[in-house]
J.: 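One structure coming up, written as structure tokens, with questions to follow.
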Amino acid sequence: SERLHELARSMRDHWLGRIALGSVAGFARLDLFDRAMSLAAQLFSSLLPILIMLFVWVGQSSTERFADAVSMPPVAQDVLEQALDESGGSAFGIAGAIFVLLSATSLSRALTRAMASIWRLSRPKTQLTNAWRWLAVVMALALAIVVARSLGRFTDPIPPRNVWTLVLTFGLDILVAAFMPWLLLANRVPVRQLIPGGVVFALAMLVARPASEAYLPLALEESADQYGSIGVAFTYLAALYVVSFIFLAAAIIGNVIAEDEGPLGQFIRHGRPTRTEDPTESGGPAES
């Protein structure tokens with residue numbers, strides 16, 4: 001026990017140690033594992049219907065684009081095409097679109113509660129005046145998924161190959177991860193304090209996105225062959241759980257970085273490090 005206390009005291013004297021200790025405390029306070037699973041379920045039930053609705057409105061020829069946006073295997077893509085053949089764009093009339101959008105706002109409310117907990121703000125009240133914020137966030141998320149999957153078609157051929165796609169996707173990840181909490185929390189947390197979490201999220205996605213692009217289609221194919229649509233659904237949930245975990249963990253780490261008392265944290269909060277005044281510079285007599 002004494003060794004652990006000594007280790008903790010030693011870690012608090014170093015920036016990385018303080019970030020590690022603060023992040024672990026934040027993970028425990030948020031109940032990260034359970035919160036990430038809840039958020040993954042909300043993403044699945046909110047974003048996929050919006051994506052389907054958007055591509056149905058664009059036209060049935062866009063089925064392949066939707067399948068590519070969510071890494072859908074051929075088996076599941078065939079099911080989607082059959083459904084669109086039977087229903088066409090009428091599946092999402094005005095009433096259907098309103099229902100899908102209103103249902104999707106549950107994702108925004110869940111994100112709001114998570115962000116408020118991370119930044120230790122009072123629990124936000126559910127008010128209709130915030131409905132536009134909820135809708136803006138879910139639509140921005142849906143569009144970000146499509147844009148992130150489509151960037152490579154336009155930027156990969158530009159030399160140096162693949163570099164511009166990487167740079168733009170990195171910037172998009174930062175924008176999304178900082179924009180969502182700023183909007184949902186009604187600017188109660190300044191943007192500059194949300195940027196560190198966005199950068200951490202973007203750095204993590206540099207590893208997670210290529211791994212997902214390599215593994216997810218294979219996993220979806222196998223799940224579809226063995227378990228059908230149920231297997232596809234659970235595989236998507238598992239992938240969304242990983243993304244949700246990364247997003248929430250990055251937000252917690254970003255919060256700890258922004259609130260740290262070291263020079264970096266002071267710069268993030270105030271725009272410059274707070275300087276400790278030296279008595280010899282204040283005009284007082286220096287001790288001999």
Side-chain angles (χ1 to χ4, degrees), residues 22-23 25-27 29-32 34-36 38-47 49-50 54 97-148 171-202 204-205 240 243-261 264-272:
S23 298
F27 295 162
R29 186 180 72 251
L30 186 66
D31 199 0
L32 179 59
D34 289 344
R35 184 85 67 153
S38 175
L39 185 58
Q42 294 282 0
L43 284 167
F44 183 83
S45 62
S46 299
L47 283 186
I50 287 180
L54 290 176
I98 292 175
F99 177 78
V100 167
L101 292 174
L102 289 178
S103 299
T105 59
S106 61
L107 169 62
S108 296
R109 295 194 297 273
L111 279 170
T112 304
R113 292 190 295 271
M115 292 299 108
S117 177
I118 289 172
W119 289 92
R120 292 181 289 277
L121 300 174
S122 58
R123 186 183 180 90
K125 297 180 180 180
T126 302
Q127 298 176 337
L128 290 179
T129 53
N130 291 323
W132 72 270
R133 300 178 186 273
W134 305 334
L135 291 173
V137 164
V138 294
M139 292 303 297
L141 271 176
L143 291 174
I145 292 173
V146 176
V147 171
L172 179 64
D173 287 336
I174 295 176
L175 178 63
V176 169
F179 167 77
M180 288 194 303
W182 173 79
L183 186 61
L184 291 173
L185 296 176
N187 200 24
R188 285 193 286 173
V189 180
V191 173
R192 64 176 180 272
Q193 296 185 36
L194 297 169
I195 294 296
V199 173
V200 173
F201 176 71
M205 291 303 293
L240 289 172
V243 175
S244 300
F245 185 92
I246 292 173
F247 177 78
L248 293 175
I252 292 171
I253 296 171
N255 165 258
V256 175
I257 293 173
E259 294 187 344
D260 183 64
E261 291 304 320
L264 179 58
Q266 295 174 16
F267 177 79
I268 292 170
R269 293 192 302 276
H270 308 297
R272 53 184 171 79

J.: Looking only at heavy atoms, which two atoms of S122 and A116 are closest? And how far apart?
T.: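 Heavy-atom minimum between the residues: O-CB, 4.1 Å.
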
J.: Once rounded to the nearest 0.5 Å, what's the spacing between atom OG of S108 and atom CG of L141?
T.: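 The OG atom of S108 sits 7.5 Å away from the CG atom of L141.
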
J.: Nearest 0.5 Å, what's the CG-OG distance between N255 and S23?
T.: 8.5 Å

J.: Return the minimal non-hydrogen interatomic distance between S46 and S103, and the atom names on each side.
T.: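 Heavy atoms only, the tightest pair is OG-O, 4.1 Å.
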
J.: Drop me the distance from Q42's CD to S106's OG, to the nearest 0.5 angstrom.
T.: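 Reported to 0.5 Å precision, the distance equals 4.0 Å.
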
J.: What class does the angle between the rings of F247 and F201 fall in, given that below 30° is parallel, 30 to 60° is tilted and above 60° is perpendicular?
T.: perpendicular

J.: So, for R35 and L248, which heavy atoms are closest and what is the spacing to 0.1 Å?
T.: CG-CD1, 3.6 Å

J.: Atom CE of M180 and atom CG of L175: how far apart are they, to the nearest 0.5 Å?
T.: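 The CG atom of L175 is 10.0 Å from CE of M180, to the nearest 0.5 Å.
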
J.: Where do A251 and M115 come nearest, in terms of heavy atoms and distance?
T.: CB-CE, 3.9 Å

J.: Just checking, R109 and W134: is the charged tip under 6.0 Å from the six-membered ring centre and within 45° of the axis?
T.: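 Ring-cation test returns yes.
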
J.: Measuring from I257:CD1 to I195:CD1, what's the distance to the nearest 0.5 Å?
T.: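 So the gap between those two atoms works out to 12.0 Å.
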
J.: Can you see which heavy atom on V138 is nearest to which on L47, and at what distance?
T.: O-CD2, 3.7 Å

J.: Could you check whether any side-chain N or O of R133 sits under 3.5 Å from a backbone N or O of L184, counting only pairs where one atom can act as donor and the other as acceptor?
T.: no

J.: Just by modelled atom types, is the R269 backbone N or O under 3.5 Å from a matching donor or acceptor in the R192 side chain?
T.: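 Yes, because the side chain of R192 sits within donor-acceptor range (under 3.5 Å) of the backbone of R269.
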
J.: Might you work through the side chain to side chain contact (heavy atoms under 4.5 Å, CB included) test for L101 and M139, ending with a clear yes or no?
T.: CA-CA 9 Å; L101 292 174; M139 292 303 297; 3.8 Å; yes

J.: How long is the span from the CG atom in D34 to the CG atom in L39, to the nearest 0.5 Å?
T.: 12.5 Å

